[in-house]
Structures are given as structure tokens and as C-alpha cells.
There are 2 protein chains.
Amino acid sequence: MESKTSYKEKKVISIGVMSELTGLSVRQIRYYEERKLLFPERSKGGNRKYSFSDVELLMEIANEMEDGVQTFDIRQKRMKKEKEQTRKKMLKGQINAQFGIRK
Amino acid sequence: MESKTSYKEKKVISIGVMSELTGLSVRQIRYYEERKLLFPERSKGGNRKYSFSDVELLMEIANEMEDGVQTFDIRQKRMKKEKEQTRKKMLKGQINAQFGIRK
DNA sequence: CGTGTAAGGAATTCTGACACG
DNA sequence: CGTGTAAGGAATTCTGACACG
């Protein structure tokens, strides 16, 4: 089991580039973070850094916003999706515990 | 045939992040560019932007520098490799022209 | 609620140059 | 040749706030 630092997940993109890539204003991007939809890392100096994965996420968010969905509901939906995945992983873990790792 | 904008080639990384990722100083990174080893894009404001591919390239360069190879020779070698690949593509193109695209 | 904007400040980056070796 | 550094300036980003709706 290793660190799997795929390029897609690496947080290296500034908010300015992010803005260009998504077509959203920096104001919008910061706001979606405030609403807990996005979680950039920070440089020592405090600057936001995003991943390509974040770019994709942000574009999905933009689509939902266009459909008139509120940030709260977008977040709600994402949290459910998150939970669903955690549940699946737990299940998989249990199966491994019972049948996989037996020594 | 499409624009194939893979994340790896997309120029989005600032020189500061580049420095962190490679462990080289920004001075070194700029110098290698001056010696034609590296070709970042520029933002409107003039800031350098690199790709993950550039990160890999830069780390290879760093290795060669450690071995005492001079920038000129590194460049020389890279240009040869470049030519080799162009040659292969040309060949492939010719083959396509003769046997592939026939109508 | 979601977004624009002006404000003041800090972090980041840029270039050209001098230094050392 | 390759790299550090101080210098002056410009571009980028940050936060908190006011505005509009």
C-alpha cells in the first residue's frame, strides 16, 4: 500500500489558473470553498492550491449552480455520495477481514 | 484526432510549486530555461507555468547535473532524442500514407 | 443567496546585475 | 559554468466588508 500521488490529486494549481480553467471568477471559487464544496490546500504564504480533480469537481458544481441548485443542496448531495462510498469501503474491509486476511 | 489535453501536459504549475516539487531553487529552474532545457508557458502577467511533464523532465535534468553533465550537453542529448522521435513519426506517417489512407 | 467590487496588505514572481568560482 | 543574492517593480492572492437583489 503506497502513497499513490497521482497527478490528478496533487494540489498545485493557483486560484488564478483555476479561474481560467473553469471559467469561474475567483470570487465564486472562494465562495464555494466557504460553503464547504471545495477544499484546497494552502501554501506557506496562505495561497490556495487545487488539484485537477478539484477542477473537475468545480465544473460539476458550476453545472449544478446553472441549474439553480443552491450550494447547500449541492453539499448535501455530495456528502451523501461520500457516505455511500465509505459504506462500500467498510463492507469491502469487512469481507477482507473475514475471508481475505485469515491466516 | 483531438486536442488530447491530458493533465500531465497541461501547463498550470507556478515556479514556486515547481521548486517545492523538484527540490531545486527557482534560480536553477530559471537558469535551465535560459539554457533551453525547459519551456514553460506564460500567464498574461508574465508568470511561468509548468506541466507535470516538466516536473519529470526537470528531475531528470537535476540527476544529470548531479552527475556533472553540463547544460549544453544535456540539451544536446535531448535534441537528439527529439530528432529520433520525429524520425519515427515521419516513418509512421509515410507508412500510413502508402497503405493506410488509400481510398 | 450568490457575486461584484474597492481597500489595504502580504506573498509571489519577474528581470537584469553583481559576485564567486 | 552554475548558482546565490539584493534591488526595484509588477502581478497575484488574501481577508473582511459593503452593495445588490
Side-chain angles (χ1 to χ4, degrees), chain A residues 10-80, chain B residues 10-55 57-79:
Chain A
K10 200 101 179 147
K11 308 261 186 178
V12 297
I13 304 177
S14 72
I15 197 167
V17 173
M18 198 65 171
S19 173
E20 284 174 18
L21 258 37
T22 61
L24 299 173
S25 70
V26 298
R27 179 65 168 99
Q28 286 175 305
I29 299 173
R30 291 200 195 105
Y31 180 66
Y32 299 154
E33 176 183 355
E34 190 184 318
R35 299 315 310 273
K36 308 291 184 196
L37 293 177
L38 212 51
F39 305 93
E41 288 180 1
R42 296 281 184 145
S43 72
K44 296 160 210 161
N47 286 25
R48 275 167 262 249
K49 294 190 296 185
Y50 304 89
S51 67
F52 280 113
S53 193
D54 289 331
V55 175
E56 291 185 6
L57 175 56
L58 197 44
M59 294 185 81
E60 286 175 29
I61 292 171
N63 284 334
E64 305 215 60
M65 291 302 289
E66 272 184 14
D67 295 346
V69 186
Q70 294 200 326
T71 56
F72 181 84
D73 295 322
I74 297 177
R75 185 174 165 221
Q76 210 75 170
K77 203 206 286 184
R78 302 224 160 256
M79 284 178 59
K80 267 184 198 157
Chain B
K10 199 102 181 147
K11 308 262 185 175
V12 298
I13 305 177
S14 72
I15 196 168
V17 173
M18 198 67 171
S19 173
E20 284 173 17
L21 257 38
T22 62
L24 299 173
S25 69
V26 298
R27 178 66 167 99
Q28 286 175 305
I29 299 174
R30 289 199 196 108
Y31 180 66
Y32 299 154
E33 177 183 354
E34 189 184 317
R35 301 314 311 271
K36 308 290 182 194
L37 293 176
L38 212 52
F39 306 92
E41 288 181 3
R42 296 281 183 145
S43 71
K44 296 160 213 166
N47 285 27
R48 275 166 262 249
K49 294 189 298 183
Y50 304 88
S51 67
F52 280 112
S53 192
D54 290 329
V55 175
L57 175 57
L58 196 44
M59 294 185 80
E60 287 176 28
I61 292 171
N63 284 334
E64 305 215 59
M65 291 301 289
E66 272 184 15
D67 296 346
V69 186
Q70 294 200 325
T71 55
F72 182 85
D73 294 323
I74 297 176
R75 185 174 164 220
Q76 210 73 173
K77 203 205 286 183
R78 302 226 160 255
M79 284 178 59

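Here is how names work: the chains are called A, B, and so on, in the same order as the sequence lines, proteins then strands, and each is numbered from 1.
- Rounded to an integer number of Å, the gap from CD1 of B:Ile15 to P of C:dT13 is 7 Å.
- Checking C:dG2, D:dT13, D:dG4 against the side-chain heavy atoms of A:Arg35 singles out C:dG2 as nearest.
- B:Arg48 has no side-chain polar atom (N or O) that falls below the 4.0 Å cut-off from OP1 or OP2 of C:dT13.
- Proximity of a side-chain donor or acceptor of A:Lys11 to a complementary backbone N or O of A:Asp54 within less than 3.5 Å is not detected.
- Counting only heavy atoms from C-beta on, B:Thr71 has its side chain closest to D:dG2 among D:dC14, D:dT3, D:dG2.
- For the pair B:Asn47/B:Ser14, no side-chain contact is recorded, criterion being any heavy-atom separation below 4.5 Å from C-beta on.
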Step-by-step side chain to side chain contact (heavy atoms under 4.5 Å, CB included) determination, B:Arg30 to B:Arg48: CA-CA 9 Å; B:Arg30 289 199 196 108; B:Arg48 275 166 262 249; 3.2 Å; yes
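- Screening B:Glu33, B:Gln28, B:Glu34 for a side chain to side chain contact (heavy atoms under 4.5 Å, CB included) involving B:Tyr31 leaves a single residue, B:Glu34.
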Per-nucleotide pairing state of DNA chain C [Watson-Crick or G-U, under 3.5 Å; [ ] pseudoknot-crossing; | other strand]: .||||.||.|.|.||.||||.
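- A 4.5 Å side-chain heavy-atom check between A:Lys77 and A:Val69 finds every atom pair outside the cut-off.
- The shortest side-chain heavy-atom distance between B:Ile74 and B:Tyr32 does not fall under the 4.5 Å cut-off.
- Atom-to-atom, CG of A:Asn47 to C1' of D:dT15 comes out at 12 Å; the value is rounded to the nearest Å.
- When the nearest nucleotides of DNA chain D are assigned to A:Arg42 and B:Val69 by heavy-atom distance, the more 5′-ward of the two goes with B:Val69.
- Remark: B:Phe72 CZ is loosely packed, at most 12 non-hydrogen atoms of other residues, nucleotides or ligands lying under 6.0 Å away.
- Taking atom CD1 on A:Ile29 and atom C1' on D:dC14, their separation rounds to 14 Å, with Å as the unit.
- The CD-C1' distance, from A:Glu34 to D:dA17, rounds to 12 Å in whole Å.
- Residue A:Tyr31 places no side-chain N or O under 4.0 Å from the OP1 or OP2 atom of C:dT3.
- Between the side chain of B:Asp67 and the backbone N or O of B:Glu64, no donor-acceptor pair lies under 3.5 Å.
- Residues B:Met59 and B:Leu24 fail the side-chain proximity criterion, which asks for heavy atoms closer than 4.5 Å.
- Following rounding to the nearest Å, B:Ile74 (CD1) and D:dG2 (C1') show an atom-to-atom distance of 11 Å.
- Note: A:Asn63 CG to A:Leu58 CG = 10.0 Å, rounded to the nearest 0.5 Å.
- Within 3.5 Å, a donor on the side chain of A:Arg27 pairs with an acceptor on the base of C:dT5, or the reverse.
- Shown for residues 50-68 of chain A: no residue has heavy atoms falling under 4.0 angstrom of DNA chain D.
- A:Lys44 has its NZ atom 8 Å from the P atom of C:dT12, to the nearest Å.
- The side chain of B:Ser14 contributes an N or O atom lying less than 4.0 Å from OP1 or OP2 of C:dT13.
- If you check every strand for non-hydrogen atoms under 4.0 Å, A:Arg30 touches a base.
- Listed pair A:Tyr32 / C:dG2 fails the phosphate criterion, with no side-chain N or O lying under 4.0 Å from OP1 or OP2.
- At whole-Å resolution of the value, NZ in B:Lys49 and C1' in C:dT12 are 15 Å apart.
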